[in-house]
Protein chains: 2
Amino acid sequence: MTAQPRRSDARRNRARLVEAATALFDEVGTDAASMNDIARRAGVGPGTLWRHFPDKDALTAEVVGRSLDGLAALAAELPGSPDDPDFLRQWVSALVRHITRYRGLAVRYAEAARSADGPLGARCRAVEEAAAGLLERARERGQVRADLTAPELIRLATAVAWASETAAPSDTTARLLDLVFEGVRPH
Amino acid sequence: MTAQPRRSDARRNRARLVEAATALFDEVGTDAASMNDIARRAGVGPGTLWRHFPDKDALTAEVVGRSLDGLAALAAELPGSPDDPDFLRQWVSALVRHITRYRGLAVRYAEAARSADGPLGARCRAVEEAAAGLLERARERGQVRADLTAPELIRLATAVAWASETAAPSDTTARLLDLVFEGVRPH
DNA sequence: ACCTGAACACCGTTCAAGT
DNA sequence: ACCTGAACACCGTTCAAGT
């Protein structure tokens with residue numbers, strides 16, 4: 001989201017920072033990766049990091065941005081699939097997979113989605129719009145409760161992502177998602 | 001959980017620390033309340049706090065312990081209620097209410113429930129056993145999916161608590177809980 | 001136009017020195 | 001037996017000084 005700098009050394013520094021942040025997010029998670037660590041890994045001073053990205057949200061948005069955009073694009077494709085009764089669940093599953101990509105991302109995503117401002121919040125709004133479109137189609141086919149809203153669906157997806165982040169076995173994600181879709185009560 | 005000290009000044013310090021922690025948890029949440037802040041508020045040095053409670057989990061367990069014990073007791077009473085079809089939901093609702101009592105508690109609870117050790121983890125195990133008992137009774141009456149386990153139910157409750165913690169309006173808790181019980185799909 | 005790195009107030013945590 | 005408070009390595013964040 002943040003604009004590309006003009007000077008070539010600045011562009012190189014920026015690229016290195018995003019690369020270092022991505023690597024550290026991958027290794028230790030969003031929270032444990034400190035700004036100073038990221039700057040050190042990129043081989044620049046802390047001031048340079050703060051100059052390129054005003055806060056951690058901006059940096060996070062840069063790292064996960066492309067993946068979030070892909071989600072909106074995926075939403076545009078899915079409803080075309082020939083009457084798959086589970087296309088909504090598939091998309092939500094993809095959303096959960098994205099949020100669990102880095103440890104700690106669920107919290108940042110939830111906060112950004114609530115305030116809806118900042119570079120990450122803007123991305124969340126786009127995802128919410130995509131969800132709203134899918135939800136409408138699912139509703140027409142009677143595949144979801146009529147009163148379910150897009151923010152609620154996303155909040156549930158984020159909650160599932162958070163829960164499988166703190167859980168021990170990683171395969172529980174699908175199970176939790178199933179429980180949310182089918183409900184705790186018997187159908 | 002931590003043993004009461006013998007010397008009277010130590011006992012007084014301990015009581016003041018728990019009081020200060022409770023107040024700060026209430027005002028700014030579990031995370032924002034730093035150990036140094038708590039010690040300062042209690043009028044003691046940081047070393048005294050660390051002597052009484054080896055880590056923040058022990059302190060948290062002391063603050064929320066009685067409330068958690070009450071939950072296990074509540075589980076023993078509920079099934080007696082004359083065939084209320086929603087007694088399980090009522091108990092889970094009480095669990096969620098407890099976890100949302102202090103901001104940041106959901107994360108600590110989830111981590112303690114996973115590792116199951118430490119003073120907070122011990123309490124989580126007791127809650128899980130209570131949930132297992134309720135779940136069995138609910139299953140006999142056909143009120144829940146036959147394959148639902150107690151850890152899963154608690155994980156869902158914790159996830160709902162976490163979600164309503166990060167959400168803007170506080171009344172969404174009941175709504176999220178309803179979605180989890182009834183499911184996203186129409187019944 | 002951009003980078004450097006010292007600096008500030010904080011954090012969790014420990015531990016020698018006291019009473 | 002228990003408390004004190006200085007100390008350490010860290011954190012996020014800023015900003016004068018450089019090129």
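These numbers come from a predicted model, not from an experiment. Letters A, B, ... mirror the listed sequences (proteins, then strands); counts begin at 1.
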Q: Report whether B:Val107 and A:Val160 are members of the same hydrophobic cluster (ILVMFWY, side-chain heavy atoms less than 4.5 Å apart, transitive linking).
A: no
Q: Does anything in residues 33-48 of chain A form a salt bridge (Lys or Arg N to Asp or Glu O under 4.0 Å)? List the pairs, not counting sequence neighbours.
A: A:Glu27-A:Arg41, A:Asp37-A:Arg40
Q: The criterion is side-chain hydrogen bond (donor to acceptor under 3.5 Å, both in side chains); which residues satisfy it with B:Arg125, sequence neighbours excluded?
A: none
Q: Base, sugar-phosphate alone, or nothing: which one does A:Asp37 contact when heavy atoms must sit under 4.0 Å apart?
A: sugar-phosphate
Q: Return the set of residues passing side-chain hydrogen bond (donor to acceptor under 3.5 Å, both in side chains) with B:Asp55 (not counting sequence neighbours), or none when no residue passes.
A: none
Q: Which residues satisfy the salt bridge (Lys or Arg N to Asp or Glu O under 4.0 Å) test with A:Arg16, sequence neighbours excluded?
A: none
Q: Please give the distance between the P atoms of C:dA9 and D:dA6 as a whole number of Å.
A: 16 Å
Q: Atom CG of A:Leu59 and atom P of D:dT13: how far apart are they, to the nearest Å?
A: 12 Å
Q: How many whole angstroms separate atom CG of A:Leu49 from atom P of D:dC11?
A: 13 Å
Q: Partners of B:Trp91 by ring-ring contact (aromatic ring centres under 6.0 Å, His included), sequence neighbours excluded?
A: none
Q: Taking protein heavy atoms under 4.0 Å as touching, what does nucleotides 2-9 of chain D look like 5' to 3' if B marks base contact, S marks sugar-phosphate-only contact and - marks none?
A: BBBB----
Q: If hydrophobic clusters are built from ILVMFWY residues whose side chains come within less than 4.5 Å, do B:Leu120 and B:Met35 share one?
A: yes
Q: Could you state the CH2-P distance from A:Trp50 to D:dG12, rounded to the nearest angstrom?
A: 7 Å
Q: Fill in the dot-bracket string of DNA chain C, one character per base: . for unpaired, | for a pair to another strand, ( ) or [ ] for pairs within the strand, taking Watson-Crick or G-U pairs under 3.5 Å.
A: ||.|||||...|||||.||
Q: Under the side-chain contact (heavy atoms from CB on, under 4.5 Å) rule, collect the residues that match up with A:Glu128, sequence neighbours excluded.
A: A:Ala150, A:Pro151, A:Ile154
Q: Please report, rounded to the nearest Å, how far the P atom of D:dT14 is from the CZ atom of A:Phe53.
A: 16 Å
Q: Quick one, which residues of residues 27-35 of chain B touch DNA chain D with a heavy atom under 4.0 Å?
A: none
Q: Return the value, rounded to whole Å, for the distance between atom CG of A:Asp57 and atom P of D:dG12.
A: 14 Å
Q: What pairs with B:Pro5 under side-chain contact (heavy atoms from CB on, under 4.5 Å), at least two apart in sequence or on another chain?
A: B:Ala10, B:Arg11, B:Arg14, B:His52
Q: Hey, could you give me each pair passing ring-ring contact (aromatic ring centres under 6.0 Å, His included) that has a residue in residues 105-164 of chain A? Not counting sequence neighbours.
A: A:Trp162-B:Trp162
Q: Show me the pairs that pass salt bridge (Lys or Arg N to Asp or Glu O under 4.0 Å) and involve residues 95-106 of chain A, at least two apart or across chains.
A: A:Asp26-A:Arg101
